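Inspection log for the structure reproduced underneath, given as structure tokens.
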Amino acid sequence: MATQLEPEARDSVDVFREEVRQFIAENFPAELKGKGLSMAGAEGSAKETPAQKAWREAMGERGWGTPTWPKEYGGGGLNRKQAAILNEELARAGAYNPIGGMGVMMFGPTLLEYGSEAQKQEHIPPICRGEIRWCQGYSEPNAGSDLANLQTMAEDKGDHYLVNGQKTWTSGGQWADKCFAIVRTDRSDKHKGISFLLIDMDSPGVEVRPITMISGTSPFCETFFTDVKVPKENLVGEEGQGWTIGKRLLQHERTNLSGAAPGGRSGASLADIAKKYGRTNKDGTLADPVLRDRIADFEIRWTSFLHTARRAVEESKAQGGVSEISSALKKLGTKLGQERAELTIEIMGLQGLGWEGDNFSPVELQGVRAWLYGKATTIYGGSTEIQNNVIAKRVLGMLDHQ
Amino acid sequence: MATQLEPEARDSVDVFREEVRQFIAENFPAELKGKGLSMAGAEGSAKETPAQKAWREAMGERGWGTPTWPKEYGGGGLNRKQAAILNEELARAGAYNPIGGMGVMMFGPTLLEYGSEAQKQEHIPPICRGEIRWCQGYSEPNAGSDLANLQTMAEDKGDHYLVNGQKTWTSGGQWADKCFAIVRTDRSDKHKGISFLLIDMDSPGVEVRPITMISGTSPFCETFFTDVKVPKENLVGEEGQGWTIGKRLLQHERTNLSGAAPGGRSGASLADIAKKYGRTNKDGTLADPVLRDRIADFEIRWTSFLHTARRAVEESKAQGGVSEISSALKKLGTKLGQERAELTIEIMGLQGLGWEGDNFSPVELQGVRAWLYGKATTIYGGSTEIQNNVIAKRVLGMLDHQ
Amino acid sequence: MAVLNEEQEMLRDMAREWATNESPVTEFRKVRASGEPEAFDRTAYATMAEMGWAGIIIPEEHGGSDFGFMSVGLVVEELGKTLTASPLIATTLAASAIILGGSEEQKAKWLPKLASGEAIATLAIDEGPHHAPDAIEASVSGGKLTGAKAFVAEAHGADLFVVAATDGLYLVEKGDGVTLTTRRLTDQRSHADIAFDGAAADKLANGGDDLLDKVLDRARVLTAAEMLGMAQIVFDTTLAYLKQRVQFNQVLSSFQALQHRMADLFADLAQMRSAVEAGLQAIDSGAGVSRAAIVAKAEANRVMHTMSNEGIQLHGGIGMTDEYDIGLYLKRARVLEAAWGTRSYLKNRFATLGGY
Amino acid sequence: MAVLNEEQEMLRDMAREWATNESPVTEFRKVRASGEPEAFDRTAYATMAEMGWAGIIIPEEHGGSDFGFMSVGLVVEELGKTLTASPLIATTLAASAIILGGSEEQKAKWLPKLASGEAIATLAIDEGPHHAPDAIEASVSGGKLTGAKAFVAEAHGADLFVVAATDGLYLVEKGDGVTLTTRRLTDQRSHADIAFDGAAADKLANGGDDLLDKVLDRARVLTAAEMLGMAQIVFDTTLAYLKQRVQFNQVLSSFQALQHRMADLFADLAQMRSAVEAGLQAIDSGAGVSRAAIVAKAEANRVMHTMSNEGIQLHGGIGMTDEYDIGLYLKRARVLEAAWGTRSYLKNRFATLGGY
């Protein structure tokens, strides 16, 4: 429903929009127009052109990369309406938000909630300026979906912890400056023995080994900690509170993941791809009626998924809590994203299965990587199987028999 | 591979074929031609026309309704080759085997294996003549898939058992003369406390209540036993052997069920039905390309199912045991049968959803019943879920964690 | 569940309470047992009309409340839950045709009667067992309509038919030149083939060329709303059954394979609800109605199909008995899946609207 | 597993032993690491030919064993299990074209060399990224073939190409007028676009009008046989993984939801094997080859697709790493699914053969 703004509100909105336009006109380098930062979070490397650096610094100084975060810690201090205008204007100008990564998506919101004043003062501003890259030290080789079964030990040595152990699936570990990790401070209790620790990646004893994925890229690392000293002030919350804080952080992750299945929202529609790679009738419609049916089948389900995602937000707002259908969004969105990627490569035929070479377009090669990498979306961030357990037990009340 | 028969073998085959043809010519009433006995096993009633009676008696006298059963108990005593010829000639003449039901499909083979000489002499010949109808007393209201959890009690009273309890899903209980049942003779052991008992349905204390199914028919009953006296000689095998015998009988049942999903093998092909109920092109092909694709999709999978069923038989023969893929046949066949029935009613549109009335053909009305009744095929005789457990645990060795 | 306003919440609560207490499935069983081709309880429908449900989309000036489709959808969903047999949907759809395409005179003549429950109306569109609005052959000449309509829902109780002819929609009253032949389907509701033989026909001339499409959009969405109620109950009933049924010394709901299937159904149902509610909202807002209507019905068809089959399977043998309700939902489901377009039909139309 | 004769069992055992010991997946990894576009190990292929595998379908008079397609299918399945890269399938298919359509002279010239491994051959049929044998434009004039072929498998090592032109199949030797452009696909095998520019072409004139169809039938079935080996290993590996991986203090194989998914995959794999073996048997018996070939490849496509996706999912994170083998099967799977017809293509052909 359309909302009528009061005259003065409309004025201030217009004023803000004008401010944004001017800022973009003055600061956004024309050569970056339309480039965006696709998949930057997961697969990007650390290289930055001078133009990219300038744009990042300009946005970071204003705090507009983290527009709704508090101004006192370097955020933009904008309200939702203003943040929406900022996004609109960035999109209109072909610009993008250069400040991203795990610090923005997961760690920052969590630290703002659980960190001490000193921790917030230290860590939030560099995130807002896009200066510090954070990585996540959660998974371990023998604790896939059973995250709490972690073994990395942080031993109390008075003024510091001595950390020993191994993490895996450390996203961007090879480029990260710091790591937020869950570690064990107490062996006697699976969940209450976990603490939330911030570790400098250049500390002596931290070793990082990139993992090559089936998509050919290395967005993750194995990270080894050998007698790594971590100052006590890097403990977030209290000892033993790590599981609670860590789970809260995962909620931010899931919110970001549900709609983010690679291939799920790329530029061209399936119908456009099919028109490009297949035959069309004289009226421009697809010559293959069965493919046309399959595309419509997908698009209908995708549309109702988008309706569902929107409904979850509306319900959550109205109820002042998390809507129960939110629990289904990740599994639905990631599955549809994978399905779309499979359909895309099928539509392209062998041209859609290129690994390298000039006779494949960048979009085609990126599509293949996205198809392969997208297989991870139903595994990480709480696998579909874990989501099913959660839905069955917590939402539907299908409790284990005692 | 074609097999070359020796001349004398060929002669005897030809002689037998001639004998069969003559028998059919002399005994099969023309008015029954092409009528068959569709769904007789599960849904038929006890009514019989004079022509049907004559045909049943003629076949029964020869033992050809149970062609491979021993001659001494009233069977046909034919070898496999001869039985195949008999089937061929019956089909060629538009005739059918009038001797069927649970006695033939399940109970007879089991009694031939486990029964005493006296029991075989008493019970097998009337089955071969189609005179006695048997029903199955297995399921109980609180023991669906967990069959061994049965509570019907047979108390030892010296020369007889006193039976009390309730069975359900008694197929054809309202028309049956006798019941083969598994009952509890010992409460101290779940499986070893079970015995296999033959009960006259006209014994005092047996009460039968038909169950109306969603298809509108009543092929099953609830059966109540109140102080029913059963002579000791009606115990098959030993006391406590009932679970072993009962399971063996279920193997016969499964063999009969896997390919027998209603709708899975009716006369007209899906393509023929689609041609009749939908539009066709000038060349006679289907005008709806998406439906055509779905029919081909089904037929391809159905073809590979038939290949699989044949392979299971060949492997079992070659290995001298049951092929491990046999375990997958029931779930595959019943699911495909249901899928076919769903596709059929969709092809027919609302004309395929008739419940009653002259403006639906008998085939249409029967199709609706078969669609609905077919929902049971994945439930009875070991549900698909039970089949999955069996495959996972016994075939794949995915044992429960201790 | 969409976020509702206060009026809508009251309406939904009232409908839920009435359906649960006054019109549980046993009431439908009575209708079925009567064998009457009309197949609904006139007293019950009178009560519905008294509660204002027959006039929810009808303007206030013509005796309705003008609450819109979201509101009537809420009621229809609740009635779907208990399989309440009534001509409420049929009458609402006929009313929408008159609202969209009728003259002031036609509106004034019929809408008040439909709102009050005094008259019952229904759509007569398709002429064969498949939904095919592009293949209509009934035609009008000199104000007289001739043609054959097939499987018309709620035909027996109808006083008024909104009939599709080659050149548009017409109002035809029951009576001379209108002959019904009962078609008894698995859902045991009212369906009939209708022969119109020179029946007096009054054109709905104000709706433009796409009047039929607009009415069909509404038919798809309201039918989907009924299916939503049905799917919700099949899901709820199945979940409750799994929680109480014990096999192998465990309640079924503790078996992980069943838990994951229920999680899938939960997600499917969430999609179905979103699609249906988006369809209702689209009609009320007037934006993107055709596509939203297709998505609503196509998702309703998909999920209801799966849900009805899984519901039966997860109930095991008891679900196969006529005494248990779940089979009634299955038998109604397939009729509604076919109504106003199967998934195949709807996908084709969706692609056409999308220009591919 | 089909019931085999003694020769076939020996062949199968030999192939299994060799593939397991001499050509495990690490051998394919070496080929991949080399980056050579030819993408197979010539020494290994020479060994295969020595063991007689290149001549299994070739008549004894031309240096083969004439064991038939069931036999070569057994070998191909075993090689598929370890992702062994070789031109065995390509050469066998080219040989089958010569056997079906070649003159005595052509047979005498080529079959002995193919059987001995001295020469390698492959099919060059399609001209675009989709299988479309009805859309061939390459043509021959005065014994010279001109046209462009796309994504030709095992092109880099081939001495001889069996090329589809508008009027039939031709033999073209590598050399003048034959230019390759490498196409590197996800499976990292040999694929190339080939420009034929007035290349000397020798027609396979004895095969009748349906020679191409017959060769494609064989291509579909042998490709399906390779996929069968791959699917079997993905299944076996996944099962083994579930039996050893512990989560939440339980081995994964004790989780019922995973058990039921494995039971589904087991049933799918049974269907795939039956379909592939029936296809091989049909070629050897000569009865119903076209349909059997479609069923074989269509089922192989369906099951391999599901199996590769489920295999990755059930392995969790480790399956996503390049170090683990399962991703290699996924990346090969999609290439083979597209080869000689996707499921959509095959269904269309199946319906056409069925007259509907």
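Reminder, nothing fancy here: chain letters follow the sequence lines and each chain counts from 1. Being a predicted model, the structure only gives us computed values, none of them experimental.
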Near [X] [atom1], under 6.0 Å, is it more than 12 heavy atoms from other residues, nucleotides or ligands?
| X | atom1 | value |
| --- | --- | --- |
| N142(A) | CG | no |
| R92(A) | CZ | yes |
| E17(C) | CD | no |
| Q244(C) | CD | yes |

Between [options], the one whose heavy-atom pairs under 4.5 Å with chain C are most numerous:
| options | result |
| --- | --- |
| E315(A), E385(A), E299(A) | E315(A) |
| T308(A), V395(A), N389(A), T285(A) | T308(A) |
| D283(A), I325(A), L306(A) | I325(A) |
| D293(A), T280(A), N281(A), T303(A) | D293(A) |
| A392(A), G284(A), S304(A) | S304(A) |
| A296(A), P289(A), A328(A) | A296(A) |

Is a donor on one side and an acceptor on the other found under 3.5 Å between the side chain of R311(A) and the backbone of A270(C)? yes
If I take atom [atom1] from residue [X] and atom [atom2] from residue [Y], how far apart are they, to the nearest 0.5 angstrom?
| X | Y | atom1 | atom2 | answer |
| --- | --- | --- | --- | --- |
| Y356(C) | D272(A) | OH | CG | 10.0 Å |
| I295(A) | K347(C) | CD1 | NZ | 12.0 Å |
| E314(A) | S274(C) | CD | OG | 9.5 Å |
| M272(C) | H307(A) | CE | NE2 | 14.0 Å |
| D236(C) | L396(A) | CG | CG | 9.5 Å |
| D268(C) | R301(A) | CG | CZ | 9.5 Å |

Greatest number of heavy atom pairs closer than 4.5 Å to chain A - which of D264(C), V276(C), L346(C), L242(C): D264(C)
Quick one, [X] and [Y] - any side-chain contact, counting heavy atoms below 4.5 Å?
| X | Y | answer |
| --- | --- | --- |
| T384(A) | H260(C) | no |
| L399(A) | K243(C) | no |
| I391(A) | M262(C) | no |

Under 3.5 Å side-chain donor-acceptor pair for Q256(C) and N388(A):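 The criterion, which ignores hydrogens and geometry beyond distance, is not satisfied for N388(A) and Q256(C).
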Could you report the tightest heavy-atom contact between [X] and [Y], atom names first, then the distance?
| X | Y | value |
| --- | --- | --- |
| A278(C) | R310(A) | CB-NH2, 4.4 Å |
| G355(C) | K275(A) | O-NZ, 2.8 Å |
| M398(A) | S253(C) | CB-O, 3.5 Å |

Option passing side-chain contact (heavy atoms from CB on, under 4.5 Å) with I300(A) (candidates K297(C), E299(C), Q271(C), R302(C)): E299(C)
Going through the checks in order, is the side chain to side chain contact (heavy atoms under 4.5 Å, CB included) test met by R343(C) and D297(A)? CA-CA 9 Å; R343(C) 232 179 112 65; D297(A) 194 294; 2.7 Å; yes
Identify which part of K331(A) has an atom lying under 4.5 Å from any heavy atom of chain C, answering side chain, backbone, both or neither.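 Side chain only.
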Report, in residue-number order, which members of residues 284-296 of chain C are under 4.5 Å from chain A by heavy-atom distance. I294(C), V295(C)
